[in-house]
Amino acid sequence: MTPPVRPAPIRPRAPKVGIVSLGCPKALVDSERIITRLRAEGYQIAPDYAGADLVLVNTCGFLDSARDESLDAIGEAIEANGKVIVTGCLGAEPEVIEQAHPKVLAVTGPHQYEAVMEAVHTHLTPPHNPHLDLVPETGLRLTPRHYAYLKISEGCSNRCSFCIIPRLRGDLVSRPVHHVLTEAERLVKAGVKELLVISQDTSAYGLDVRYKAETWHGTEYETRFLDLARGLGSLGVWTRLHYVYPYPHVDAVIPLMAEGLITPYLDIPFQHASANVLKAMKRPARQDKVLDRIAAWRRDVPDLAIRSTFIVGFPGETDEDFEILLDFIREAKIDRAGCFQYENVVHAESRALPDHVPDALKEERWHRFMQVQAEISADRAEAQVGTIQDVIVDGVGDEPGIMVARTKADAPEVDAVVYVEGAMHLKAGDIVPVKITGADDYDLYAALA
Ligand code: SF4
């Protein structure tokens, strides 16, 4: 007797969520966490609007330009797909989003992972059988495999007058140091060669938990910037510190760079150099004697690269203040600098300050700043020619036969790159010595050493 033919089981198609991630690396980490949760529950991630059953837009709300970009992205997603949930920084102001886009299904604020998931469940039924084992231990990441952002805290307890991050993200909440170190170790085991430490104020790490001590691999580590750096330094990969404020204890991390445990790179958002402007900005950490400190850091770690961001045209900034700023970047030889024209961000305290700078003057100062910075950067690049340096390969360049890589002085996505010849056999994440053969204003050209 022929056995009855059983129909093949009908597997329901996994619901697909499209993700649009806007904003800074911190927002990117939030997106990664959300994607990890979605995949853990059995949702698929759709690569485009057309293939998605629902689109999640992770927004940025820091500057007016970012708010506009976020609102445009929401509009585009609604037009292309129709089912849209909004999260992220701009989500802290649901009325703005709902007014511009009444068709949005739900709005949640920054790092409200539970609320995002709840909104997804409401509008897209979760699959019946979650395949938890599909999710790697490291979670799912949006950055290439060889580098990863490591978020050590949420929020910020400072109150800089131009900034609405604390309003959007709340006060500082530090992750326990052993959790951060365990995550970093997993990332390294999964092939990550470069860790990028991010937060709103990396030097304030642990202040909210009174630097609570935890144990990791049998050793006690305080939830503190220096201990964290020491732990990360033990993992044997490049470790970059971003958003470090020049508090006195930053000096203590310089010996770790001298020993080669931490990458000789400090991202310090100085924002300005004039005492008057810094006071009006209500910046944390005093900046007097900062030039002396930078000189001392460079004495101990000659290849230290300093990246920073600055705001020109802050309310009350005089010609003299601006000249102080230019003198500062010249003297400090800030290797990499981003410069922004002051924006009168909605809800920022600085809106109420007197003596706003006219737009044309802001623009003029911005151009002058960029000119000086280009000269500093070009001098720096020129000085590298002839040296041999380790670079980390990011991938294939646009020109045939050229690989794109970075030196220790360059963070991904924001800094310069090195174009390397004769390295096509290498793969992303390889770290190799190269000889620098040429330079333009920012980027370097090299051949394998
Ligand atoms: S330190 Fe100042 S600029 Fe940075 S997030 Fe906190 S309040 Fe904003």
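Scope of the values below: all heavy atoms of this structure, side chains included, with no hydrogens, waters or symmetry mates. Read the numbers this way: they start at 1 and go in the same order the structure lists the ligands and their atoms.
Contacts with ligand 1 closer than 4.0 Å are made by no heavy atom of P269, backbone or side chain. Contacts of C160 with ligand 1, taken as heavy-atom pairs under 4.0 Å, involve both backbone and side chain. At a heavy-atom distance under 4.0 Å, no atom of D201 approaches ligand 1. When non-hydrogen atoms are compared, ligand 1 lies under 4.0 Å from neither the backbone nor the side chain of Q271. Contacts between Y243 and ligand 1, counted as non-hydrogen atom pairs separated by less than 4.0 Å, are absent for every part of the residue.
The pair K333-D379 does not count as a salt bridge, with every side-chain nitrogen at least 4.0 angstrom from each carboxylate oxygen.
Between H242 and A411, the shortest heavy-atom contact is CE1-CB, 3.7 Å. For the pair A252 and L226, the tightest heavy-atom approach, listed with the atom from each and the gap, is O-CD1, 3.5 Å.
Taking every heavy atom of C156 and a limit of under 4.0 angstrom, the matching atoms of ligand 1 come to 1 (S), 5 (S), 6 (Fe), 7 (S). Near R283, meaning under 4.0 Å from any of its heavy atoms, are these atoms of ligand 1: 2 (Fe), 3 (S).
Between Y342 and F314, the angle of the ring planes goes over 60°, which puts this pair in the perpendicular group of the 30/60° scheme.
Residue C163: an N/O/S atom is found under 2.8 Å from atom 8 (Fe) of ligand 1.
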